[in-house]
Amino acid sequence: MQVNGLHHVTAISGPARRNLDFYTRTLGLRLVKKTVNFDDPSTYHLYYGDGDAAPGSILTFFPWEHAAPGRLGIGETQETVLRIPAQSIGFWAHRLVEHGVAHEQPRRRFGETVLAFRDPDGMRLALVGIPGLETAPAWGGDEIPPEHAIRGFQSVSLMVADAEPTAAILGDVFGFREIAREDSLVRYQAGDGRVAGQIIDLRIAGGFLPARQGAGSVHHIAFRAADDAEQERMVRRLAENHGQHTTEQRDRNYFRSVYFREPGGVLFEIATDQPGFAVDEAQASLGQALKLPPGLEPQRARIEALLPALD
Ligand code: ZN
């Protein structure tokens, strides 16, 4: 069955070890896949998520040891927002300070409490408190009590000069509809909003310079398609109704993807829910071994020698 919403968010980071430490220890996400950048196998591609490695929880990074910092601007994802139970805001405000992570004062946005902070590369993150979430299954790692753990994405906000062309695609292709406006934000929701990753905010930000990608920048966001047939239907709608053409489908081992740059300048991907992250290792041991696609397996020894140590 098709569930609309975010599949994953992919960003650029600095050193891999620092990135791994922040997301698995400080934030308590699960490392669900340790592989390489298929286009540059001398660098990692690290995937974090919830205990099930479910679509809507997957945050991935291309870590570059010497990446220059990015500059936020038009045509980019401004903020990536993760869900926590509403009563856990205090726990997290305290935890971030304890770990030397500066955060902004909690504030209300669309009636919810939001705690904004940055990762070690300056990536803009926030936690949003959602009532009732404390009973949902959770992965907290060794340090986070399950009742406070992060439970996938709530949303991303995209900085665009003009909301309309992006909104048309969100609506017609990905099943989102406008549900609220606040200041310069327009909020779109897919489904009933209860599944992780079903909200996109467009921040209308005329006057900003275009983004420059670097460490701390989101590289692209991916929307869910249940399977190849659903992805094909989305690709056709994009072409017929919006004049947007995607790349050929690429096999990313854990999902199959097409890419296009939406009219607001943000790189969008459509990723299949199939086959998922347990395709090449057991669910219980996800993320523990370095996984390579079959084409790179013959070069494993050379690749392992090039990759920076993670511990
Ligand atoms: Zn992707």
Side-chain angles (χ1 to χ4, degrees), residues 3-13 16 19 23 29-41 43-50 53-64 67 70 75-82 119 121 123 125 152-153 155-156 158 166 169-170 173-174 190 196-198 200 211 213-228 230-232 234-235 238 244-262 264-277 279-280 286-287 291-293 296:
V3 177
N4 287 310
L6 291 169
H7 182 282
H8 66 267
V9 172
T10 292
I12 301 166
S13 82
N19 180 264
Y23 284 96
L29 301 184
R30 185 180 187 191
L31 178 66
V32 296
K33 194 62 65 181
K34 182 165 54 176
T35 184
V36 294
N37 182 339
F38 292 1
D39 301 318
D40 176 8
T43 60
Y44 282 112
H45 191 182
L46 302 177
Y47 290 73
Y48 307 103
D50 64 10
S57 77
I58 305 295
L59 177 57
T60 97
F61 288 89
F62 294 127
W64 303 89
E76 187 175 29
T77 298
Q78 180 189 24
E79 186 178 59
T80 302
V81 185
L82 299 157
D119 85 353
D121 293 298
M123 179 174 168
L125 298 168
F153 298 118
S155 59
V156 292
L158 311 181
T166 305
I169 288 172
L170 288 177
V173 181
F174 298 123
Q198 289 196 308
I200 304 280
Q213 297 255 304
S217 302
V218 171
H219 185 263
H220 63 266
I221 63 170
F223 293 88
R224 297 174 68 169
D227 51 23
D228 291 337
E230 185 61 40
Q231 185 186 69
E232 179 54 39
M234 290 171 164
V235 167
L238 276 168
Q244 290 275 331
H245 298 281
T246 65
T247 63
E248 292 292 295
Q249 192 191 64
R250 302 201 184 134
D251 184 357
R252 297 310 190 190
N253 246 17
Y254 314 107
F255 42 86
R256 292 178 292 277
S257 296
V258 299
Y259 302 83
F260 67 101
R261 199 166 289 282
E262 57 85 30
V266 183
L267 186 59
F268 278 7
E269 173 180 347
I270 308 172
T272 56
D273 284 357
Q274 304 294 336
F277 291 91
V279 69
D280 63 354
L286 288 178
K291 305 307 289 186
L292 297 175
L296 290 175

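Index from 1, following the sequence. We count ligands from 1, going down the list as the structure has it; atoms in each ligand are counted the same way.
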Engineer: Output the atom name for the N/O/S atom of His8 with the smallest distance to the Zn ion (ligand 1).
Structural biologist: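 The Zn ion (ligand 1) is closest to the His8 atom NE2, counting only N, O or S.
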Engineer: Looking at Phe61, Phe277, Phe62, which hits ring pair (Phe, Tyr, Trp, His ring centres under 6.0 Å) with Tyr47?
Structural biologist: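 Option passing the ring pair (Phe, Tyr, Trp, His ring centres under 6.0 Å) with Tyr47: Phe277.
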Engineer: Run the numbers on Met234 and Asn4 for side chain to side chain contact (heavy atoms under 4.5 Å, CB included), then give the verdict.
Structural biologist: CA-CA 11 Å; Met234 290 171 164; Asn4 287 310; 3.8 Å; yes
Engineer: Has His219 got an N/O/S atom less than 2.8 Å from the Zn ion (ligand 1)?
Structural biologist: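 So His219 does not count as coordinating the Zn ion (ligand 1).
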Engineer: Decide yes or no on ring-ring contact (aromatic ring centres under 6.0 Å, His included) for His8 and Phe255, but give the supporting numbers first.
Structural biologist: CA-CA 11 Å; His8 66 267; Phe255 42 86; 4.8 Å; yes
Engineer: Do you see an N/O/S atom of His7, backbone or side chain, under 2.8 Å from the Zn ion (ligand 1)?
Structural biologist: no
Engineer: For the Zn ion (ligand 1), find the closest N/O/S atom belonging to Glu269 and write down its atom name.
Structural biologist: OE1
Engineer: Which of these, Asn37, Thr60, Asp40, Asp39, sits in a side chain to side chain donor-acceptor pair (under 3.5 Å) with His45?
Structural biologist: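 So, applying the side chain to side chain donor-acceptor pair (under 3.5 Å) to His45 and each of Asn37, Thr60, Asp40, Asp39, only Thr60 qualifies.
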